[in-house]
Each structure stands twice: as structure tokens, then as C-alpha cells.
Asks: 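Got a structure for you, written out below as C-alpha cells; questions coming shortly.
Just so you know, these numbers come straight off a predicted model, no measurement behind them.
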Amino acid sequence: MQTTEILVIGGGPAGLSAALEAASLGADVTVLDSDLKLGGQLIKQTHKFFGSKAEYAGTRGFEIANFLFDEIEKYKTLGKLKVFTNTTATGYYKEDGVVSYMVGEEKYGRIKPQKLVFATGAQERLIPFVNNDMPGVYGAGAIQTLMNVYGIVPGEKVLMIGAGNIGLIVSYQLMQAGIKIAGIVEAMPKIGGYWVHAAKIRRLGVPIYLQHTIKEALGNNVVEGAVIQEVNNCFQPVGDPMEVECDTICLAVGLTPTCELLWSAGCEMKFVPQLCGYVARRDPMMRTSHPDIWVAGDAAGIEEASAAMVEGRIAGLSAVASLNHVSQETFYDRSAEYHQRLENLRAGEVGEKIRSGLSCVCCKQWG
Amino acid sequence: MVSKRVDVAVIGGGVHGCSTAYHLAKKGFKTALFERDYISSGSSGRSAAGLRYQFGTEVNIRLAQYNMKCLKSLGEDLHYPGDLEYDPAGYLWIAYSESQLAQLEKNVKLQNELGTTGSKVLTVKGIQEVAPFLNTEGMLGASFNQEDGHINPHTLCFAYADAAKALGVEINKKITVTGLISKGGQVAGIHTNKGDWEADAVVCCAGAWTQNIGRWVDLDIPVIPERHQILITEPVERMKHPMTLCLDDGSYWKQCPNGTFMLGVGKEEVKDTSFYASWDYLEAATERILPKMPILEHIRVVRQWTGPYGNTPDFQAIVGATPVEGFYIDCGWSGHGLQFAPSVGRIMAEIVNGEKPFIDVSMFRYSRFEEGDLFFEPACI
Amino acid sequence: MDKLFNSGVLTAERIETVIPPRDLWKTKKNGLVIIECPQRIPCNPCYESCPTGAILPFEDINDTPVVDYTKCIGCGRCVAKCPGLACFVADLTWGAENEALMKLPYEMLPKPEPGDEVVCLDRIGSEVSQGKVINITEPWEDSTMVVHVVVPKDRVMDIRNIKVVKNNAR
Amino acid sequence: MSIKLIKDHPILDFGHEEKKMVTFTFDNKEMKGFEDDPIAAALHANGIQVYRITPKTERPRGFFCAIGKCSSCFMIVDGVPNVRTCVTPLKAGMKVETQKGRGVLKSEEGEER
């Protein structure tokens with residue numbers, strides 16, 4: 001059976017950061033990623049990131065991914081890091097300490113790590129409306145994959161559902177790809193994403209329908225239009241429904257952490273609405289109640305990629321430290337730096353939700 | 001805290017607890033049911049969900065006849081709006097040795113004598129007819145009954161729980177029973193983490209968790225938890241394939257109504273109520289089943305779960321009163337209990353009501369272990 | 001009004017707060033920056049990109065930017081760096097009495113070329129006026145353009161975007 | 001049918017010219033797509049949006065999550081049902097079929113039972 005010192009599940013911003021941190025400290029690291037390409041959501045982001053210099057602020061997401069890939073290549077060459085794409089971790093067997101995985105669609109394997117970092121990311125939420133399963137109703141991540149990774153036109157005219165950061169950013173990206181936006185529908189009386197992202201898309205002439213929701217996707221086999229509806233503060237319909245011309249409906253109604261492996265590992269889990277679903281309880285070093293398992297990124301609670309990268313660093317650092325590969329000085333220096341960065345990222349009003357969510361799941365240390 | 005009062009408290013929101021509560025309410029008892037988690041969260045919802053006539057002891061066969069009759073139309077009878085997914089795809093017990101075949105023949109003979117005419121012994125050619133995808137190499141024969149089958153264990157529990165609720169039963173979910181109230185040597189209610197309930201009788205339907213409850217009244221109930229696991233594959237179109245059980249290695253597999261295959265295997269397992277699955281089991285089950293049904297080679301396993309059996313020394317249930325007055329038990333079903341909910345729920349209500357059970361279950365008495373009067377069920381894995 | 005602001009459009013009283021000091025602005029060659037960043041978010045590339053220290057250091061990365069207009073040289077480096085495309089430069093000294101030069105961020109296709117007549121758009125994408133492109137720069141060589149457009153002077157607080165109309169579009 | 005690609009982009013260069021174009025079939029119709037792109041993406045570029053028909057209610061399903069999690073894009077690929085086409089790379093000569101219902105298991109000899 002394959003073995004590794006540290007197994008990182010998920011090769012997105014959090015997972016790659018964890019792997020790089022661990023490899024930089026001399027650990028033998030293996031990364032599994034279910035996608036065909038490494039980089040998770042980062043490779044789909046054409047906008048410049050927020051945050052500070054340490055989180056590559058002002059740099060486009062896909063370029064940040066390229067920086068990480070360069071470093072990954074370096075450690076691969078040194079023989080410290082192995083990366084497997086198109087490889088889905090299918091289970092964690094607690095009593096055997098074994099992770100099973102599937103390569104492609106049919107080949108199975110398993111690996112026995114000493115320490116594990118679960119950076120499994122998130123998955124798209126769905127909202128109920130008539131015909132929400134119809135082809136042409138796509139998740140925002142899927143649309144980004146089609147147009148920004150593979151350069152394929154996802155549709156001619158898109159109705160965006162949700163004005164959080166993802167809805168706003170993907171609308172902007174669609175326009176960059178030359179695709180029309182029929183409008184952005186948001187049930188709340190206020191956009192949920194950064195105000196500046198909304199301003200960018202508004203000055204392109206895109207309407208944002210606040211306090212509106214989608215009622216129905218129209219069409220026979222594929223989307224040929226949509227019906228939207230104004231709602232009041234209690235989400236009750238106001239006035240007549242309105243038909244919108246579009247051939248694609250993009251759902252950007254939030255994400256929820258991918259946590260199946262954490263459950264099967266028996267990690268203590270908690271439902272935290274502010275973090276968008278079930279998340280593992282963890283100490284400040286991102287260690288879960290299972291002493292060999294760490295969590296990082298969206299799997300630990302939905303947040304920006306910049307925070308995910310720092311969490312990955314912390315998890316990687318702590319996992320290697322548990323193998324006694326790190327001097328105390330390095331550990332404390334790096335740990336202090338990373339925690340300061342996280343604190344800065346979460347300090348403002350937009351970090352309030354995250355802060356209150358984290359206060360529900362973070363413990364000072366495991367007893 | 002002011003304690004509440006009911007006639008009967010039922011411990012356990014599995015299928016036996018729900019059915020017992022339903023039948024008690026039908027007799028007019030003010031009943032409350034207590035479940036630590038959600039309805040069907042224990043072994044019921046984790047079971048292989050099999051229904052069958054094919055047992056090897058008289059009491060089980062007689063109970064099974066009643067069970068099978070009830071289960072066929074249970075959804076309608078209980079006015080349950082959901083789908084119980086009752087599916088008579090058949091049960092095929094395979095023998096790989098003369099002694100196994102002899103036991104199957106004996107079982108079938110007894111079933112036939114007691115009026116279950118659908119059970120029969122098959123030759124290898126007969127096996128190929130009812131289960132064309134099997135590799136019959138090494139098989140000597142089998143017993144088969146086309147009316148045996150499958151039911152959805154969750155909706156089965158919900159149907160009983162909803163029917164009980166409609167008759168006024170208090171269904172308490174997410175409440176943990178923490179002790180039994182004893183008064184003058186008899187059980188007079190329960191303690192829970194949400195207060196006390198006084199009751200004239202307590203019926204324990206806690207399955208593999210029964211032993212802990214017995215200890216509160218100094219009973220050593222010989223129900224030993226044992227982990228069992230199940231694998232589920234991706235769904236594929238229905239194929240002609242009955243539930244198949246192999247007496248040589250305890251492997252069993254069937255296709256559920258939604259198209260998924262369910263796979264399991266008899267194996268030395270840990271003796272506790274843990275819910276964790278093991279890689280060994282995945283390997284053992286697939287290694288043993290694939291040669292017997294090669295077409296499953298490329299099907300993908302998508303889930304694996306665990307639910308404990310509550311085993312007794314003779315793999316037979318313990319049903320009825322106990323030496324502690326007011327304390328009744330229905331446990332120890334050793335892995336085949338789900339399907340007995342219709343008959344045994346009714347019998348528990350009859351026993352609590354002081355009636356003679358409609359089927360004699362004295363063989364299942366608690367005192368048989370002390371008396372050394374064990375009787376083994378040959379048809380179980 | 002709040003509903004408009006809540007959808008990402010800067011409105012009346014808030015616009016007042018981002019206007020550079022008028023006296024200085026009127027005479028400052030190359031123009032001054034207007035930063036429309038009313039929400040506290042963890043972001044500071046404008047500060048990092050400023051070559052003259054006109055954008056003051058952030059005590060907390062979530063602070064909204066504060067500009068020392070005496071130091072601003074209207075270079076447009078922040079215009080191209082800001083992830084929110086929230087910085088704009090307006091040079092009131094440029095050209096004729098009724099003209100001004102705006103330096104606007106641009107990341108769309110088609111790309112304008114010097115000499116192009118473009119349509120100037122306001123904060124909700126409505127047409128305000130015609131404008132003439134005189135220069136396009138790419139300060140960070142990262143595909144974010146800064147388009148220099150001549151606009152009517154009295155509309156500098158309305159114009160925030162351009163629409164490039166190519167007659168020979170593919 | 002022409003393939004719907006994003007030809008010009010202000011930020012990204014997809015390198016479509018350097019990628020290898022291969023031929024595959026969808027329900028026996030010949031189509032072209034880039035090698036190693038996800039099958040689902042190649043189909044979408046060819047204007048195909050319906051990938052399977054659900055078993056019970058017979059509703060059309062297509063692309064949805066693109067990360068191999070939602071089961072919306074299951075198709076029959078080279079005879080194997082329930083293939084997650086959003087994360088399965090396209091190869092030359094692949095036989096891609098709309099999956100109607102649950103898909104059928106085949107024996108080693110390839111015969112359907």
C-alpha cells in the first residue's frame with residue numbers, strides 16, 4: 001500500500017498552500033485532487049484578489065495559481081511532493097487509517113498517511129424553483145469552468161441568481177467573455193458581495209434586481225427564459241411575476257462545505273450557518289478533534305480564497321510540527337505571522353460573519 | 001421538575017419500538033416512545049432490509065408468515081403516504097456443501113409443513129433460472145422463495161411512528177433515557193436527560209444497546225452488540241436477481257428497488273455499537289462476491305455503512321416479561337429483526353396487556369438462558 | 001436612494017465625500033484621483049501601488065482609503081491596480097475650457113485605440129456623452145488598461161465607464 | 001456544426017490553437033473536441049446540453065456542478081454507464097451516449113442481458 005507522511009485531500013488554494021508549507025519544512029507530502037486540473041477555484045478567477053501583499057492582493061486568481069504551481073513543481077523535482085489529479089478520495093477508514101481513492105472512473109487505490117489535511121473545498125447550493133434541474137441551469141463554478149478554464153461559451157444571455165461575491169464576479173467575467181447578462185437577481189434588499197464588485201457590473205449597464213427571486217425556468221428541454229418575482233422583507237411575493245429573456249440561468253446562491261470525509265473520520269462536527277453548513281470543530285492550528293486530521297479552506301467554512309491559503313499554511317505547519325519536523329522557533333514565528341494575517345483579513349465588517357461563525361467552532365486546544 | 005405520566009414507556013425508535021408503541025396505542029394505552037437520535041437512526045435504518053419466509057425454526061416461520069402478510073399492504077393499512085418500496089424479488093440461499101444443502105432442505109420441509117408453500121429446493125439448473133447472473137461453480141443447490149424480498153427500512157419505521165402518533169403516542173426524538181425508575185423492586189418509569197416519565201410498564205426495544213439498560217435493574221441480558229457493515233453501489237437498471245445468501249462464507253447481495261446493489265458478508269467483527277466502517281470489510285465483501293457474480297466487476301461502490309447486530313447466544317430473540325416487574329424486553333434479534341416488527345409489536349402489546357400472545361413466543365423467554373434451553377436459528381448469517 | 005446604493009451605485013451625499021478639494025483640483029496638472037470605495041473590506045493594493053504616498057498607510061487593512069491630494073500626481077497606477085476598479089483620475093486642466101481628461105480602468109473587449117470616439121457611461125451604464133480616447137496605458141502589464149478619454153468637464157462626476165463601439169466589429 | 005469557443009478574451013489566452021482536436025461520437029453523430037478537455041465541456045461546445053434522461057420522471061439533465069459531485073452529467077461512455085462526464089477527459093474515438101434511465105451493466109463479453 002502507498003504511504004505518505006502528509007496527505008492533502010484537495011488541490012485548491014487551501015490544499016496547495018498546506019502542501020507547500022509542509023513540503024517546505026521537509027515533509028513527504030501527497031496531494032489528491034478530483035479535478036482534471038490542479039488549482040481548484042483559483043484557476044477560474046480572472047479578477048484581481050483583495051487582501052494584502054502576502055495574499056497576492058491585486059493579482060488575478062489564475063496568476064496566483066500559477067505562482068503556487070511553480071512552487072509545487074519545485075518540490076516535485078526535489079521528490080518531496082507527489083500530486084495526483086483526476087483522483088477522488090472516496091473514503092476515510094478510521095480504524096485502518098486508510099484513505100481510499102478512485103482514479104478516473106474505475107481504478108481504485110488506497111494510501112495510508114500519517115497525517116491528513118482535508119481541504120476538500122465546497123459545493124454549490126441549489127434553490128427551489130420550477131425546472132431548476134433543466135439543462136441551462138448551471139452552478140456558477142461550472143460556468144466559470146466552461147468559460148475561463150476551457151474557453152467555451154456557456155450561453156448567449158445569462159440570468160444570474162445571487163449578488164454575493166461569486167454572482168457579481170461571474171457576471172463580470174461573463175461580460176469579459178462577450179456574453180450578455182440579462183440581470184442579477186438577489187432576494188435580499190442589499191447585495192451580499194463587495195460593493196465595489198457590484199459597482200463594476202452596474203456601470204456596465206447590468207441591472208441588479210434586489211428583493212427579487214427566480215420562480216421558474218422556462219423551456220422544453222433546455223432553458224429558454226425565466227420568470228422572476230419581486231418579494232418583500234418576509235420573502236412574500238409582491239406584484240406580478242416578470243418574464244426575463246435568457247438561455248442560461250447561473251446559480252450563485254452560496255456554497256456549502258464539502259465535509260463527507262470529516263464525518264466519516266468521526267471529527268466533531270457542528271452546523272454553523274455563518275460558515276454555511278456543517279464544519280469540523282478545530283483548534284487555532286486547524287486541527288480537528290481527530291488528532292491526525294486538519295482542515296483548511298472552504299471545507300472549514302465558506303470564506304475568501306485569501307483566507308483559505310493562510311489556513312492551508314497553518315494546517316500544513318501544524319501537521320508537520322506533529323511529526324517533529326519543525327524547530328520550535330520556526331513553528332512559533334510562522335504561526336504568529338499566519339495568525340496575524342488571518343486576523344487582518346477577518347477584521348472588518350465583512351469579516352464579522354466569519355468571526356462569529358468561528359467563535360462557535362474554535363476551541364483553544366484539544367483536551 | 002414535575003414528572004409526566006403515561007401508561008407505557010417504550011425505549012427505542014427503531015422499527016420494533018415504533019410498532020410496539022403503535023400496537024399499545026391501539027389497545028388504548030397512553031404511550032410515550034423515546035429515541036436518543038431520530039426514528040430509524042439505529043440498526044433498523046442501517047439494516048439490509050430483508051423480508052423472508054425462509055427461517056429454520058417453527059416460531060420464526062410462524063411469525064414470518066404473519067409478517068409477510070402484513071408487510072405486503074402495510075403502507076395502505078397504516079395510511080402512510082410515502083413509499084415502503086415493498087419488493088418481492090425473492091431470497092436464494094446457496095449451499096456449497098452437502099451439509100449446507102441438507103440444512104436448507106430441512107428448512108424448506110419445515111416451512112412447507114407449516115404452510116409456506118412458496119419455499120422450494122433448487123438444483124443448480126434451478127438456480128440459473130432464478131438468478132441468471134450467478135457463477136454457479138461450486139454450488140450444489142439452493143433454497144428459494146420468490147415472495148421473500150425487500151422493504152425500505154426508514155419508511156417502514158416512519159410508517160409505524162406516524163401511525164402511532166396519529167393514535168396519540170408521544171414520539172420523543174433526541175431524548176436520551178438515562179435510567180429506570182424503580183419503586184419497590186418494580187420498574188415505574190424512566191429518567192431521561194429531559195426529565196422523568198412515570199409509567200406502569202417500560203418496554204425496552206433498544207436492540208444492540210439493550211444490555212446497558214438491563215444493567216440499571218441488575219439484569220444481565222445476553223445481547224452482545226456486533227458490528228455489521230453494508231456496501232451500496234451506484235444504481236443500474238433492474239436485473240433478474242434475488243437476494244442471494246451463501247452459506248459458505250456468509251456473503252449476501254441483492255439489487256434494491258432503486259437499482260443499487262447492496263453487498264454484505266459474514267465476518268469476524270468488533271463487538272461494539274460503533275458506526276465506523278472498515279477497509280477490510282470492503283475488501284472481504286468484494287473479494288467474495290465478485291467471483292460469484294462477475295457482472296458486478298465494474299460496478300462502483302458508492303457508500304458503506306455500519307449498524308450493530310444484537311446477538312444472543314442462540315441467535316434467537318428475547319421477547320416478553322423479565323424477572324423485574326413492569327420491565328419488558330424485545331431484543332436480541334441477531335440481525336434479522338426488522339421484518340418481525342409487525343408480529344412482535346403486536347405480541348408485545350398483548351403481553352403488556354396481560355393477554356396470551358396470538359403466536360406462542362414462549363421459546364423466546366428471557367429465562368431460557370438460565371434454564372439452558374437454547375434453540376438455534378439455522379437460517380441466519 | 002438606499003436601494004440604489006445597495007445595488008452598487010454611489011449616490012448623492014456619498015458622491016460629495018469622494019470629490020477632491022476643488023481649488024487644488026482645478027489647477028492640478030495630470031489630475032487627481034477619485035476613489036469610490038465606501039465599504040470596509042480587507043484590501044490595500046491602492047496604497048501599495050501609489051508611488052508618491054498620496055494614499056495614506058492603512059492602520060487596519062479594512063480601512064477605506066484616505067488620500068493626501070497634495071501628493072497625488074494623477075498617475076493612474078492605482079486605477080489599474082485596484083481589484084474593485086474603484087479608482088478614477090480626472091484632470092480638469094486638460095484641453096479646452098469645457099473639457100477634462102479622465103483616466104478610467106478598462107478590462108473589456110473590444111479594446112479602444114487612440115482616436116476612437118467612445119460612448120461615456122455613468123454609474124448605471126447609461127449614456128452620458130461622447131468622449132474621445134487619446135491614450136491607453138497598461139501600467140502593470142497585467143491586462144488592466146487605463147483609458148485616457150476627453151470628456152465634457154461638467155460630467156466628470158458622472159462618467160465612470162466607456163463603451164467602445166467598433167464599426168468594423170468582427 | 002461549429003464549435004462555440006471564446007475566441008477573444010481581454011485577460012485569458014486559452015491556447016485553443018495549440019490544443020489537439022480529436023473526433024468522437026455523441027449518439028453516433030461525429031463531433032470534434034479538444035483532447036483531454038472534459039467530455040461534458042466538449043459536448044457543450046458542440047451545442048449539446050441534454051446528457052441524460054432521469055429514470056423515474058424522464059426529465060432531461062445536463063451540465064451542473066462541473067466538479068464530479070452532483071451526478072447531473074452521467075452518460076454512457078464507451079459502454080460504461082454513470083460516467084461523470086464533467087471530470088472525464090475526452091479521448092479520440094470515444095463513444096459518448098445519452099444515458100436514458102440508470103444504465104445497464106454488461107458482462108465481460110460486452111453483451112447486454
Asks: Ring centres of A/W195 and C/F5 under 6.0 Å apart?
Replies: yes
Asks: Only pairs of heavy atoms separated by less than 4.5 Å count here; which of C/Y47, C/W140, C/F88, C/F58 has the most with chain A?
Replies: C/F88
Asks: Within a radius of less than 6.0 Å around CG of C/D154, do more than 12 heavy atoms belonging to other residues, nucleotides or ligands occur?
Replies: yes
Asks: Below 4.0 angstrom, N of the basic side chain to O of the carboxylate: do C/E36 and C/R14 qualify?
Replies: no
Asks: What part of A/A163 lies closer than 4.5 angstrom to a heavy atom of chain C: side chain, backbone, both or neither?
Replies: neither
Asks: Which residue out of C/C46, C/P38, C/P42 racks up the most heavy-atom pairs below 4.5 Å with chain A?
Replies: C/P42
Asks: Does NZ or CZ of A/R60 fall inside the cone over A/F49's six-membered ring, less than 6.0 Å from its centre and within 45° of the axis?
Replies: no
Asks: Is it the side chain or the backbone of C/E48 that comes within 4.5 Å of chain A heavy atoms, both, or neither?
Replies: side chain
Asks: Out of C/P45, C/G125, C/S7, which one racks up the most heavy-atom pairs below 4.5 Å with chain A?
Replies: C/S7
Asks: Does any backbone or side-chain atom of C/R40 lie under 4.5 Å from a heavy atom of chain A? Answer side chain, backbone, both or neither.
Replies: both
Asks: Starting at CG of C/N62, measure out to CD1 of C/I41 and round the result to the nearest 0.5 Å.
Replies: 8.5 Å
Asks: Picking from A/I208, A/T59, A/I191, which has the most non-hydrogen pairs under 4.5 angstrom with chain C?
Replies: A/I191
Asks: Tell me which of these, C/L121, C/D63, C/D60, C/D142, has more heavy-atom pairs under 4.5 Å with chain A than the rest.
Replies: C/D142
Asks: Flag the pair A/F50 / A/H197 as yes when their ring centroid distance falls below 6.0 Å, and as no otherwise.
Replies: yes
Asks: Using non-hydrogen atoms only, which part of C/I61 is less than 4.5 Å away from chain A: side chain, backbone, both, or neither?
Replies: side chain
Asks: In terms of heavy-atom contacts, does NZ of C/K153 have more than 12 from other residues, nucleotides or ligands at under 6.0 Å?
Replies: yes
Asks: Tell me, for C/S49 versus chain A, whether the close heavy atoms (under 4.5 Å) come from the side chain, the backbone, both or neither.
Replies: neither
Asks: Tell me, side chain or backbone of C/L10 under 4.5 Å from chain A's heavy atoms, or both, or neither?
Replies: both
Asks: Select one option (side chain, backbone, both, neither) describing which atoms of A/E55 are under 4.5 Å from chain C's heavy atoms.
Replies: neither
Asks: Taking atom CD as the centre, does C/E117 end up with more than 12 heavy-atom neighbours from other residues, nucleotides or ligands that are less than 6.0 angstrom away?
Replies: yes
Asks: Out of A/G205, A/A199, A/G51, A/G58, which one racks up the most heavy-atom pairs below 4.5 Å with chain C?
Replies: A/G51
Asks: Distance check, rounded to the nearest 0.5 Å: A/Q144 atom CD versus A/I166 atom CD1?
Replies: 7.0 Å
